[in-house]
Amino acid sequence: MPHTRAQLQQPTTPPADHRTPKNIVIVGGGIVGVCTAYFLAISPHRPPGSTITIVEGTGIASAASGFSGGFLARDWHSPATASLSAMSFDLHRKLAEQFGGPKNWGYRTVDTLSVKIDHEAGPSTKRTPVPWLPRGSVQTTSTLGTHATTAQVHPRLLTNFLTDRFLREPGCMLVLGTARALALENHAPSTLMVTLKEGGEKILDTDTIVLTNGPWLGKLATEILPSSAARRLAVDGQMAHSLVIRTREPTTPHVLFVDLCLEDGAVSEPEVYPRPDGTTLVCGASCDDPLPPTAADVHPNPKSLERLRQQAAGITPVLTARGGAFTEAETGCFLPIPDRGRPIIGKVLDGVFVGGGLSCWGITQGPGTGLVLSELILEGRARTADISKLAP
Ligand SMILES: Cc1cc2nc3c(=O)[nH]c(=O)nc-3n(C[C@H](O)[C@H](O)[C@H](O)COP(=O)(O)OP(=O)(O)OC[C@H]3O[C@@H](n4cnc5c(N)ncnc54)[C@H](O)[C@@H]3O)c2cc1C
């Protein structure tokens with residue numbers, strides 16, 4: 001595996017301004033924070049005796065990284081993120097091979113299709129591409145990805161698995177609490193004040209802080225960083241919804257991006273992710289609800305959920321109670337949306353790094369983002385992907 005200690009041990013000369021971190025604190029225990037922590041922890045460049053602490057306000061994978069689709073695409077990305085995405089897609093496969101991903105977090109490759117289902121148009125004579133869609137329901141089908149270029153994971157299981165591996169490494173800790181204030185000394189971090197989930201406060205010594213707190217990045221940056229730095233980290237949230245439906249009918253490893261028109265003329269673009277555990281995640285139905293203070297305060301929008309239920313039923317009866325299905329979860333969560341339209345990954349100030357704004361690709365790009373951040377922090381430069389267009 002390329003990310004094992006031995007194979008990562010390549011000689012590199014750090015840049016002149018590179019500082020050796022001793023106490024690294026990562027704010028946010030979503031997929032980006034956890035992958036950053038994991039790759040820092042196993043790096044052969046990690047200084048002996050150093051500590052790595054994840055500070056997570058609500059719980060590991062308690063936001064989008066716990067509830068999102070988990071779809072992975074290798075080559076669907078803009079030039080700015082193409083290198084990172086391809087590296088991260090391959091890294092997902094290597095992690096899955098190394099740690100039993102198919103069993104432990106539902107990793108598998110998939111075929112990915114775009115299908116048009118139009119209830120206003122009446123029955124279609126076209127072939128139905130998967131057996132769990134009704135015959136005559138699909139107007140057009142095209143291939144978006146194959147088993148070589150698209151895959152899926154269960155993002156909460158993956159994030160929890162890597163947290164467990166991280167916590168087995170020496171000097172690695174999880175603090176359940178909310179980052180509140182950062183003290184800088186000589187323009188570099190010295191302490192982080194955390195309000196603990198169980199009550200009380202804790203002051204963490206830190207010389208290196210990594211902000212990976214998803215859609216809350218912009219808010220936290222304005223609270224704890226100088227305004228000149230915070231301005232470059234403008235990220236907010238956009239809410240979307242998902243249903244996890246256990247189907248009676250078996251599904252197949254086909255992800256569907258659906259161009260849907262219901263009988264009442266309502267159009268939408270839900271996404272359908274059958275999982276190997278017998279559930280199918282249907283997601284979409286975004287809304288303009290504002291980002292609440294914490295992940296614990298996120299509640300799905302009832303109207304959006306109802307729309308998504310209607311969409312799922314409009315795709316196939318296999319996803320309905322009438323078709324023997326049972327809905328196990330209905331959730332809402334926030335995409336981290338960067339103002340500037342592309343992720344923000346890199347060094348912000350001496351000792352302050354960021355991995356944020358991954359929008360709808362955070363599960364695909366999460367492991368790669370964690371790996372390049374670990375390289376930047378410990379070696380002074382990103383070696384495994386070109387992130388030059390993503391600097392804060
Ligand atoms: C419905 C939906 C479907 C999606 N489907 C896919 C998909 O199929 N494929 C894909 O690649 N991407 C998908 N995404 C996008 C992906 O889920 C996100 O980009 C990704 O999860 C973001 O991860 P993150 O670690 O940056 O942030 P999050 O997962 O949002 O985690 C941030 C964490 O920071 C914590 N936090 C916030 N502030 C503080 C603080 N001050 N102190 C301590 N902790 C704090 C929060 O509690 C939270 O746990 C989807 C997103 C949505 C909403």
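In what follows, residues are counted from 1 in the order of the sequence shown. Counting starts at 1 for both ligands and their atoms, in listed order.
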Ring centers of Phe257, Phe71 separated by less than 6.0 Å: yes
Carboxylate-amine/guanidinium contact Lys94 Glu97, below 4.0 Å: no
From CD1 (Ile117) to CD (Gln311), nearest 0.5 Å: 11.0 Å
Sub-3.5 Å N/O-N/O distance, Gly33 and ligand 1: no
Heteroatom proximity flag, Thr212 to ligand 1, N/O under 3.5 Å: no
Distance from atom 30 (O) of ligand 1 to nearest protein heavy atom, with residue and atom: Pro215 CD, 3.3 Å
Ion pair Asp90/Arg74, N-O distance below 4.0 Å: yes
Closest to atom 45 (C) of ligand 1 (judged by heavy-atom distance), picking from Val34, Asn213, Leu72, Thr159: Asn213
Option with minimal heavy-atom separation from atom 51 (C) of ligand 1, where the choices are Ile31, Leu335, Leu217: Leu335
Nearest-contact summary for atom 35 (C) of ligand 1 - protein heavy atom, Å: Glu56 OE1, 3.2 Å
Nearest-0.5 Å distance that lies between atom OG1 in Thr53 and atom CE in Met173: 3.5 Å
Side chain, backbone, both or neither: Phe71 near ligand 1, heavy atoms under 4.0 Å: both
Reported SG-to-CD distance for the pair Cys360 and Gln238, which is rounded to 0.5 angstrom: 11.0 Å
Proximity winner for atom 19 (O) of ligand 1, if only heavy atoms of Ala179, Ala64, Ser359 are counted: Ser359
Nearest-contact summary for atom 53 (C) of ligand 1 - protein heavy atom, Å: Cys333 SG, 3.4 Å
Gly355, any N or O under 3.5 Å of ligand 1 N or O: no
Lys/Arg-Asp/Glu bridge criterion (N-O < 4.0 Å) met for Arg168, Asp164: yes
Between Asp297 and Thr294, a side-chain donor and acceptor under 3.5 Å: yes
Residue pair Gln139 / Ser124, side-chain donor-acceptor N/O under 3.5 Å: no
For Gly69, the ligand 1 atoms whose distance to one of its heavy atoms is below 4.0 Å: 3 (C), 4 (C), 5 (N), 6 (C), 8 (O)
Top protein contact for atom 1 (C) of ligand 1, by heavy-atom distance: Ala240 CB, 3.8 Å
Nearest-contact summary for atom 10 (C) of ligand 1 - protein heavy atom, Å: Cys360 O, 3.2 Å
NZ on Lys116 to CG on Leu260, rounded to 0.5 Å: 9.0 Å
Proximity flag Gly356 to ligand 1, non-hydrogen atoms under 4.0 Å: no
Parallel, tilted or perpendicular: ring planes of His77 versus Trp361, cut at 30 and 60 degrees: perpendicular
Contact with ligand 1 for Pro155, non-hydrogen, under 4.0 angstrom: no
Side chains of Thr51 and Asn23, donor plus acceptor under 3.5 Å: yes
Glu330 vs Val244 side-chain heavy atoms within contact, under 4.5 Å: no
Proximal ligand 1 atoms for Ala295, defined as those under 4.0 Å from one of its heavy atoms: 47 (O)
Closest protein heavy atom to atom 50 (C) of ligand 1, given as residue, atom name and distance to 0.1 Å: Ser68 CB, 3.2 Å
Proximity of Tyr273 to ligand 1 by residue part, where a heavy atom lies under 4.0 Å: side chain
Nearest-neighbour protein heavy atom for atom 21 (O) of ligand 1, which is reported as residue plus atom name and distance: Ser65 OG, 2.9 Å
Distance-only N or O hit between ligand 1 and Leu220, under 3.5 Å: no
Distance from atom 31 (O) of ligand 1 to nearest protein heavy atom, with residue and atom: Gly30 CA, 3.5 Å
Under-4.0 Å heavy-atom contact with ligand 1, by part of Val32 that carries it: both
Gly362 N/O to ligand 1 N/O under 3.5 Å: yes
